[in-house]
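Starting from 1, each residue takes its place in the sequence as its number.
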Amino acid sequence: MSFDESFDVIVIGAGHAGCEAASAAARMGAETAIITLNLDLIGQMSCNPAVGGVAKGHLVREIDALGGIIGRVTDRTGIQFRLLNRSRGPAVQAPRAQADRALYRTEMRHTLEATPNLHLRQGLVIELIVEDGLILGVELQDTRRLRAKAVVLATGTFLNGLVHTGRRTYTAGRAGEPAAIDLAEGLKQLGFPVGRLKTGTPPRLDGRTIDWNAFEPQPADERPVPFSFSTESIEQPQIMCYVGHTTEVVHQTIRNNIHESPLYSGQISSIGPRYCPSIEDKVIKFPDKPRHQLFLEPEGHDTHEVYLNGFSTSMPAELQQELVRQIPGLDEARVIRPGYAIEYDFVDPRELSPQLETTRIKGLFLAGQINGTTGYEEAACQGLIAGINSALYVQKREPFSLLRQDSYIGVLIDDLITHGVDEPYRMFTSRSEHRLSLRYDTADSRLSPLGHTLGLLGDTAWERFNQRRQRLALLRATMDAMRVKRGDNLHTHLYQTLGCDLDNSPSLSNLVQRHDVPLSTIHHGLPPTLRTAVSLADVESVAADIIYSGYIDTQQSANERLYKHDGLLIPTNFNFTSLSSLSHEMIHRLERAHPQTFGQARRTPGMTPAALATLLVRLKSPQAA
């Protein structure tokens, strides 16, 4: 078979997963091509142009700590930064940023174009070229054939995509772009188990037709928290977002017209994201709620387009206009783009290894919504891991994976490949047994050494990491040793502020455990030379370490007892049917999940303690090797 071009790695799709995969593979030395339907839409934010949020912000920080690019691009294009959950504990605080949609797309393309070894190609992939279970390349609709030693599929919602707006349906990968029909059918013919999922978007409004005075302003943080550890300051001018609410009038109109909704007419049968429901779902499933919160989020500095967050819908376009105008402040608002729902194919992620390589075809990796996830951040972290491993595969180096206790990325991948999905998967901090130590501000200490080893963190980033590590270590030692004594300026200030005496000359580390002592006061009380060397963010990070240290030790001891055998490897050729005392059901569950470690077997849904005990005894016996 002849090929028009040859590459080490080909990445199909230039959304958030594809961009991370292509960037990582190329920077690790693999000649890489990224193929997309439209080069002008690289990094397109199909839904809300926002990055981060609770747990999602943790993922972006972890991507950055490993050497990924989504955090840096967001920092350059973000127009409203906010740290969520400020009133709660540090473990669940997370950065979020509204991005300028057009600027983000432009910046992402510039980033990829400036990456050595990375080649951009426009086209529609219609077929994977496979021979004897090995990927050889891809064929495009325009008849070009491109050879590759590894391929990363990052197709988003394009596989058999079907858009719904009221009773109108049409095939599309997203509004205005064709679906990947042939490629979707090809995956089925290759034997991959395929299911259907759904997602959706709200209508976009013309900001010039909105009565902004009717809404509650939501300003950006005065002290923005960036996503990238390399970002020293946020340069983009920050904007105001606004908060509003639906009314009972809106709800009644939806109830009166619920037969027009594809979700309730039976037109859509696939499952959508539980934690990002449509406005129809909210009204029908929560009938006692008199109103639902909305966020009006401008999409950029150079556009009047406004994203109506919280109002995702697939109602008919004319009904969407009517519903929007029933919201106070939107009486005269015009809909620029109606919302819609989209159904698409996904591949059962239990087909994957921890490196996101398919077990069915060597050299084929899957990342993003094709694996049943939802969200830019979940897609991007998979793209990074798939890109890393595609390069390692081509270079015949040891594969790379992350453990649950080390990262939210490890949690996400382990959940996917062990449990599969029956709805679009979204990351939450509650999914991790180790969330106290997986804070967004600790991502670099956990992952940057790995990123440096892989070659994704250059010398400048590595030096910056080491400087921060040394700075925090010095700060922690000073806070442990420095005591606040009577007569000190800090003691006097705290006495006047708190209205109570400070007994026993407490250390600064003792003080941070008091909720009534502002960390800005601790920062101000440091020795002058150290105070100028560290930031308030550094103090906040060390304070969180101090506050959580006892809890983390307790949690770690409990987890070690519970999970001490989790790292025990299951041989690739292990025959579960040889465990004669296991029921057929237990054997079927294990064979379907194909766990690679005892920990994965333990987390396989439906496994009984007796079955796990039997498996553990066999794995620890000499004949299991």
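- For the pair Tyr548/Pro90, a side-chain contact is recorded, criterion being any heavy-atom separation below 4.5 Å from C-beta on.
- Note that OG1 of Thr429 is 10.0 Å distant from CG of Leu438, once rounded to the nearest 0.5 Å.
- Side-chain atoms of Leu352 and Asn371, non-hydrogen and from C-beta on, do get closer than 4.5 Å to each other.
- Using a distance-only test at 3.5 Å, with no hydrogens or angles considered, a donor-acceptor pair links the side chain of Thr442 to the main chain of Ser437.
- Closest of all the heavy-atom pairs between Arg82 and Ala220 is CG-CA, 4.3 Å.
- Asn117 has its side chain out of reach of Asp8: every pair of non-hydrogen atoms, C-beta onward, lies at least 4.5 Å apart.
- Between Arg439 and His58, the shortest heavy-atom contact is C-CD2, 3.8 Å.
- Within a 6.0 Å sphere centred on CZ of Arg86, other residues, nucleotides and ligands contribute more than 12 heavy atoms.
- The backbone N or O of Gly52 lies less than 3.5 Å from a partner atom in the side chain of Glu377, making a donor-acceptor pair.
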Check the pair Val517, Val512 against side chain to side chain contact (heavy atoms under 4.5 Å, CB included), reporting the backbone distance first and the verdict last. CA-CA 7 Å; Val517 178; Val512 301; over 6 Å; no

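- Within the 4.5 Å cutoff, no side-chain heavy atoms of Arg76 are placed close to those of Glu235.
- Under 4.0 Å is where a charged nitrogen must lie from a carboxylate oxygen, and between Glu107 and Arg72 no such pair does.
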Going through the checks in order, is the side chain to side chain donor-acceptor pair (under 3.5 Å) test met by Gln355 and Ser353? CA-CA 5 Å; Gln355 295 77 38; Ser353 72; 3.1 Å; yes

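- Listed here is the closest heavy atom pair of Ser448 and Trp462: O-CZ3, 3.8 Å.
- Taking CZ of Arg109 as the reference point, atom CG of Leu120 lies at 6.5 Å (rounded to 0.5 Å).
- Using a 4.5 Å heavy-atom cutoff, the side chains of Met479 and Ile546 are in contact.
- The minimum heavy-atom distance between Asn85 and Val92, with the atom names listed, is ND2-O, 3.0 Å.
- Cation-pi geometry between Arg61 and Phe229 is satisfied (NZ or CZ under 6.0 Å from the ring centre, within 45° of the ring normal).
- Ring pair Phe81/Phe227 is tilted by interplanar angle, where 30° to 60° counts as tilted.
- Formation of a donor-acceptor pair under 3.5 Å by the Arg274 side chain with backbone atoms of Pro424 is not found in this model.
- In this structure, Phe598 and His565 have perpendicular ring planes: the angle between them is above 60°, well past the 30° mark.
- Not a single donor-acceptor pair under 3.5 Å links the side chain of Gln369 to the backbone N or O of Thr155.
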Output, in order, the C-alpha distance, side-chain angles, deciding distance and verdict of side chain to side chain contact (heavy atoms under 4.5 Å, CB included) for Ile234 and Asp75. CA-CA 6 Å; Ile234 299 300; Asp75 288 347; 4.2 Å; yes

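- The residues Arg204 and Glu299 are annotated as salt-bridged, a charged nitrogen and a carboxylate oxygen being separated by less than 4.0 angstrom.
- Between the His301 side chain and the Pro237 main chain, a donor and an acceptor come within less than 3.5 Å of each other.
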Take Leu296 and Trp212 through the test side chain to side chain contact (heavy atoms under 4.5 Å, CB included) and record every step on the way to the result. CA-CA 9 Å; Leu296 284 78; Trp212 294 105; 3.9 Å; yes

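- Expressed to the nearest 0.5 Å, how far NE2 of His452 lies from CZ of Phe465 amounts to 10.0 Å.
- A donor-acceptor pair shorter than 3.5 Å cannot be found between the side chains of Ser509 and Ser507.
- For the residue pair Gln93 / Asp441, no side-chain donor-acceptor distance below 3.5 Å is found, with atom types taken as modelled.
- Salt-bridge annotation for Glu297 and Arg96: present, with a side-chain N of the basic residue lying under 4.0 Å from a carboxylate O of the acidic one.
- Contact check on Glu540 versus Arg223 returns a salt bridge, with a Lys/Arg side-chain nitrogen under 4.0 Å from an Asp/Glu carboxylate oxygen.
- Heavy-atom minimum distance, Ile413 versus Pro354: CG2-O, 3.7 Å.
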Applying side chain to side chain contact (heavy atoms under 4.5 Å, CB included), run through Leu384 and Leu456 and close with a yes or a no. CA-CA 10 Å; Leu384 179 62; Leu456 291 175; 4.1 Å; yes

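- In this view, Tyr376 and His16 satisfy the ring pair (Phe, Tyr, Trp, His ring centres under 6.0 Å) rule, not counting sequence neighbours.
- Every residue two or more places apart in sequence or in another chain that forms a side chain to side chain donor-acceptor pair (under 3.5 Å) with Asp415 is listed here: Arg404, Tyr425.
- With salt bridges taken as basic N to acidic carboxylate O contacts below 4.0 Å, none links Arg469 and Asp444.
- Distance check: Thr521 OG1 to Leu508 CG gives 11.0 Å after rounding to the nearest 0.5 Å.
- Atom CD1 of Ile409 sits about 13.5 Å away from atom CG of Asp414, to the nearest 0.5 Å.
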Residues Gln382, Thr373; criterion side chain to side chain donor-acceptor pair (under 3.5 Å); working and verdict: CA-CA 10 Å; Gln382 293 174 71; Thr373 59; 2.9 Å; yes

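- Atom CG of Leu356 sits about 8.0 Å away from atom CG of Leu416, to the nearest 0.5 Å.
- Across all non-hydrogen atoms, the minimal contact from Met427 to Tyr408 is CE-O, 3.5 Å.
- You'll find the side chain of Phe428 stays beyond 4.5 Å of the side chain of Val54, heavy atoms only.
- Ion pairing of Asp40 with Arg105 is absent here, as no side-chain N (NZ or NE/NH1/NH2) approaches a carboxylate O to less than 4.0 Å.
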Could you please spell out the steps behind the side chain to side chain donor-acceptor pair (under 3.5 Å) verdict for Thr460 and Arg464? CA-CA 6 Å; Thr460 302; Arg464 185 184 298 110; over 6 Å; no

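- Enclosure of atom CG in Asn489 is not indicated, since only 12 or fewer non-hydrogen atoms of other residues, nucleotides or ligands lie within 6.0 angstrom.
- Asn389 places a side-chain N or O within 3.5 Å of a backbone atom of Ile385 that can act as its donor or acceptor partner.
- At most 12 non-hydrogen atoms from other residues, nucleotides or ligands lie less than 6.0 angstrom from NE2 of His524.
- The pair Lys56-Glu378 counts as a salt bridge, with a side-chain nitrogen and a carboxylate oxygen less than 4.0 angstrom apart.
- At least one side-chain heavy atom of Asp538 sits under 4.5 Å from a side-chain heavy atom of Arg468.
- Contact annotation: the side chain of Tyr242 never approaches that of Val306 to less than 4.5 Å [non-hydrogen atoms, C-beta and beyond].
- Looking at Thr453, its side chain does come within 3.5 Å of a backbone N or O of Pro449 through a donor-acceptor pair.
- Remark: the backbone N or O of Ser432 is not paired with any side-chain donor or acceptor of Gln405 at under 3.5 angstrom.
- The main-chain N or O of Gly300 is never found under 3.5 Å from a side-chain atom of Thr303 such that the two would form a donor-acceptor pair.
- Gln218 places no side-chain N or O within 3.5 Å of a backbone atom of Glu216 that could act as its donor or acceptor partner.
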